[in-house]
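Report on one structure; see the data block that follows.
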Amino acid sequence: MLSLGSGGAKSTKPSFVSYVTPEEIKSEKDPPKQEKHPDLLPGEVEFCSANPILKYTQDDLSQRGVFGTLFCTNFRVTFISDEKPQEKTDKTFKNKLYGENDIPLMCVDHIYGVYDEKRKLITGGLVKNKYPSKMIIHCKDLRVFQFSLTFSKEEDAKKIFQGIAHHCLEEKSLKCVFAFSYMGTPSPEMQWKQETVMFDSPEDWTQEMKRTKANCRLVTENENFELSQRLPKYFVIPLTIGDLFSYQGKGLPIWCWSHYSGCALFKASFPPVTQEDGDFQKHLDTMINAVAHNHLYSVKTEDLSESLPNIQDIQQSYNKFKQFFLIENSTDFWLSDVKWFSSLESSGWLDIIRQCLQKAVEVVECLEKDNTNVLITEEEGTDLCCVISSLAQIMLDPYYRTLMGFQSLVQKEWVAGCHAFLDRCNHLHQKDKEYHSPVFLLFLECVWQLVHQHSPAFQFSETYLTVLSDSVHVPVFSTFLFNSSHHRESVMKAESPLAQSGPLSCPTVWDWSVQFDSKAQNFFFNPLYLEKVKHDRAVRKPHKPKHQRNLSLPSTAFKTPPKKGFFKDETDSLKKMLRVKRLSRWRGSPDAPTATTREFFESWQHRPLDYHGLLLPCLDGPAVHIWMQRYLRWIPEVYILGGGSVAVMTKLMELLSQVQDLKRVLEQRDSSQAAKLDHRPYFQHRLLSFDSSGRLSSSFPFAYTCYRSFKPIIPTGLMQSLMVTDSLASQEDEASSVVSFV
Amino acid sequence: MSLVEVEEANPVMASAPIAPYNSSPLGNSSSPNASRESLKMEPLADVAMLPGEERVIDKDIIYICPFNAAVKGKVFITNYRLYFKNTDSEMPVTLDVPLGVISRVEKMGGASSRGENSYGLEITCKQLFAFLSQEKYEENGWNVYEAMEEYRRQGVPNSEWRVTFINKNYELCDTYPTILVVPYKATDEDLKRVATFRSRCRIPVLSWFHKENHAVIMRCSQPLVGMSGKRNKDDERYLDLIREANGTTKLTIYDARPNVNAVANKATGGGYEGDDAYQNAELVFLDIHNIHVMRESLKKLKDIVYPNVEESHWLSSLESTHWLEHIKLVLSGAIQVADKVSSGSSVVVHCSDGWDRTAQLTSLAMLMLDSYYRTLRGFQVLLEKEWIGFGHKFASRIGHGDKNHADQDRSPIFVQFIDCVWQMTKQFPTAFEFNERLLVVILDHLYSCRFGTFLYNCESARESNNVRAKTVSLWSSVNSDTSLYINPFYTPESSRVLYPVASMRHLELWVTYYIRWNPRIQHQQQSPVEQRYKELLVLRDQYLKKLEELQLSDSAPSSTHLTNSSTPNAATPNQRITHLQTPF
């Protein structure tokens, strides 16, 4: 019986259920045997619960755990311990929407059931009458939960298991997503709104064109999605395109960004390459010519679907990769430690990251060094095009390395740019696997590599990226819920008020106050960020290009012969341009592009590093790392107590606050001089309040291990890997006792 | 015109030491690199030479750079180094290699037949430069370590442990130092009898004493059990005395070797402490492989990073070298030793002869247990004591100055140890007073022959060659400018035991050492965090000074100076700040 979880219950509005307010819970806490209830969010409805459930402690092999109650609501699966909550250290980095024992339904990745010692993957259909003795939940943010169902009443256990399985695994409709029930009060006049450019109005685009000195045309004809439902509401195209309406806007070069030299980056959707349609080819040629016209009649095109892994490859690779971090116990951990590097490599995930960054560098090279227009294409134009164009922009434009700039970029390229978040993230648990792919995560991974290599160039921290990657699976934000602008508008309109309840309150993820208080938000800022040199102080810097990008690489500095093979030179002269016939496939040996890009990288590297100029990643094997914070944060075996980069950051922050205090004292003394106001007002309270008294673990701020003993973790199964089979291993140490050694 | 390629050595991986000198144009720096700064040598047209250095040859040649094309230039050879500087091209290429690091010179027929019909010939320095060097430093680094002083610091001698001078003429054991600490109840006669049962007479002696729980780390060589399973009552009783000293119920003997190797050693007269003979002891094998395996492992590592960094399958290539796995084993062995001792049980550590793996384990465990060894000076003491004093065979393992040295005696055991220390500093960036540069400099001079510190196999040999008098200690150089080696983040925590995480998840290849010469791998002279931290320190001092001035002017001119701020890093040059903008 699944009455508890059927659609009817879900669409019910909160008024139907008596839900307990936080105040009520507090008053009920005193009677000892009182059943506990989770603090429900506005709009959250409890479906079912079971008690007692044993939640296994993760860092323990002895299968111990904590007893408590397991709940399933329309927002999350949550566990509430029976034990009195320990005097927790005041957790500064706390998510207001969900805690360490909450799993937002969207965040559930897989559920395993243990039946008679056998572990089975639970799929929607498997849930009939049986329920497992143990339920293991793997989360998309890589947490692992293990619950024993054997202690509660059979009926309760069955109910909770079926409820969770149903809500987390069964295909559902978009309107059942919690965001549509969430009644959170929107925060008033929020700072994000003022600074994050949403790209949902013609003004935003005009402003962006102005900022980058683009000479293109804003298209408003799609305001009502009459042109295409797959295109943004507003977008920008080359000046010379007249015909918008043929082929439903397919092949239209969408402007992404303009280089100060005048050349620009465009992206376009193309039909599958096999389609041989003479007319369409002609259409494409016109489009390419239009791009070429943008600047100096030169354009290079690149079909990303041919040179990069497709979305299924990305999905498969990530599925393999993430398994290495979903660790259920110590034995598994040490077993997987043995072949760690080759396992990572076999997933191919790091290689995909490398390929994407490589491609972005190639795009950057065309813009920065050759000053040619670039048109990147793929079938839909909203997956890898988004990855590559956003990465190229981050490398070229320091504005996108600020927090607000980065958020605006995500809005521009991904949200307004019609990346199919809903399908790619599979928020609705559709069975059709073809459309799922962690493309956005891939992008964040690439950004992380840049942040890791050039930390002072970024205003945001890796914690910010980690939180953003988690937020994709928090079903509260409108940002990641739709497949396109059209989709968003139509759903929002349809879901819109039953008159009285007012406009749908579905916050954007950029309203960070929904998840974190301002103290916690401080963790988003990178204390190493070198802010732009202000003009009054920049004595050494002479002239700068008008908008914020400096020429760390004057184009004259490069006089390399024209490349062959890669990035097909569609036209490098007007003459040639007129003869452009069609986009041909990318030919030539695969080594050629890397060789010239390598040269490009090296000449960049030989110049002094300017964190506000061009930024390129090093892509050599040892330079590409794993996003440790995201992937290892829940694994107790790798916690370094009192160590890791947190230790250094803590010191830095302490000194920073000391310096700021001193400065304030000096300023106060200076008040007679009409002390000028700090031009960075919010840096004052940006101090991370690291808890310097207690020892933090390397997984800070995500997992706390204050109560772990100081016992070291001693690896097990050490010898299994070292199969030193040659004769060396059995030799004596000293040569004297070796009879013959050659 | 002859083409010469200096290739690094396989056994000792001299490619790493070559590295810094093979400086390629990086940034705008005109000085070749960081590690050379300590040597105060500017790559002038005419080479600035060290005191005592003499020029032997100079000639125009072409250097085939593995990273760029051939480079024309001039080569100088002195009695200390080979120096190359290019004459054309705007990109400066310099090569500055102490002869000590050159292990092989290959003569080649021509560029086309490179490597094909080349033949190798060994050069060894006829006279080690260290003996010719006349560098002068304020401090005499040979005085950094005084055995008695160090034992007294640990709290020895006491009622359980005594100092013996039985080895003052190296009569008990020629590879041990003169001052040894043994159980109070063991007589010198006992020691002599025990020596007959331990390989090369390296009897169990005290390395470290836990002040609170009185547990000890003892080091020794394997017992001479042999095929027949010999027993020695004196040895058994001696180990029991060690156990009794602090009332440990079961003495733990850590045999660094893999079990099978320990068994195999019986064939050559060695072996391990059997259950029957040593009933109050428990034997644990730590599965660390021998010097030959380590040598091959590092050689494989060299192959994947030199001349080009293996690209397509970097991670699996790295794994196939097993280098990090060996590091993991050594570290986890040391963790077990440290854990046992801090829980109050005494331990005995040995391998075969007790000068390779044993030194790694004891010194790493001591580094984990005793915060003194994490200071700049303490670390020098640790090396002097556990490595130099107790006879790690530096000469054999590196192969210096010995025309007939056997290749199979070479092994990067000390490099591996320093790598382990580096891994620890990575995991605990605030726990060590010294920085990465110190570790690199130590390894550079392990090969350079400029200092006498790492010459010879043991104290007795050093004494007979008068090393202390005739050569300069590396610590003289290091301690004459400590600011170069200070970690600004150091936070002393005296009672803290450091347990690194010995998991592949955290172990990394020490890129800034092994691949530092590769221009494609990015080098940051200073990590951004460190740079920012130092800027802030300067800024803080500026503010403090300003405040001080203001207060002075407030409280009328007074001669008293306000207490100056404590700056761990006053040496930060002011120019540093100019090109970086701090957010204030």
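Residue numbers begin at 1 in each chain, while the letters A, B, ... track the order of the sequences. Below, each value reflects all heavy atoms present in this structure, side chains not excepted, and no hydrogens, waters or symmetry copies.
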Measure the spacing between [atom1] of [X] and [atom2] of [Y] and express it to the nearest 0.5 Å.
X: B:Leu537; Y: A:Gln658; atom1: CG; atom2: CD; result: 8.5 Å
X: A:Gln660; Y: B:Leu536; atom1: CD; atom2: CG; result: 9.0 Å
X: A:Leu662; Y: B:Arg540; atom1: CG; atom2: CZ; result: 8.0 Å
X: B:Phe489; Y: A:Thr650; atom1: CZ; atom2: OG1; result: 10.5 Å
X: B:Tyr533; Y: A:Leu528; atom1: OH; atom2: CG; result: 13.0 Å

Shortest non-hydrogen contact from [X] to [Y]?
X: B:Glu319; Y: A:Val338; result: OE1-O, 4.0 Å
X: A:Trp334; Y: B:Ala502; result: CZ3-O, 3.4 Å
X: B:Pro528; Y: A:Tyr611; result: CG-OH, 4.5 Å
X: A:Ile327; Y: B:Arg505; result: CD1-NH2, 3.6 Å
X: A:Asp337; Y: B:Lys328; result: OD2-NZ, 2.6 Å

Measure [X] against the heavy atoms of chain A and call it side chain, backbone, both or neither at under 4.5 Å.
X: B:Leu324; result: side chain
X: B:Ile413; result: neither
X: B:Phe285; result: neither

What part of [X] is in contact with chain B, defined as an atom under 4.5 angstrom from a non-hydrogen atom: side chain, backbone, both or neither?
X: A:Ser336; value: both
X: A:Glu345; value: both
X: A:Leu350; value: side chain
X: A:Phe333; value: both

Heavy atoms only, distances under 4.5 angstrom: which of [options] has the most pairs with chain A? Name it, please.
options: B:Met294, B:Glu530, B:Gln427; result: B:Gln427
options: B:Leu331, B:Leu318, B:Leu550; result: B:Leu550
options: B:Glu508, B:Arg257, B:His506; result: B:His506

Is the closest side-chain donor-acceptor distance between B:Thr430 and A:Lys651 under 3.5 Å? no

B:Arg532 side chain to A:Leu652 main-chain N or O, any donor-acceptor pair under 3.5 Å? no

Considering the options B:Met504, B:His313, B:Glu325, which one meets the side chain to side chain contact (heavy atoms under 4.5 Å, CB included) requirement together with A:Phe341? B:Met504

Among A:Leu655, A:Leu632, A:Asp351, single out the residue with the greatest number of heavy-atom pairs under 4.5 Å to chain B. A:Leu655

Side chain proximity check, B:Val501 to A:Glu637, heavy atoms < 4.5 angstrom: no

Count the heavy atoms belonging to other residues, nucleotides or ligands that lie under 6.0 Å from NZ of B:Lys426, then report whether that count exceeds 12. no

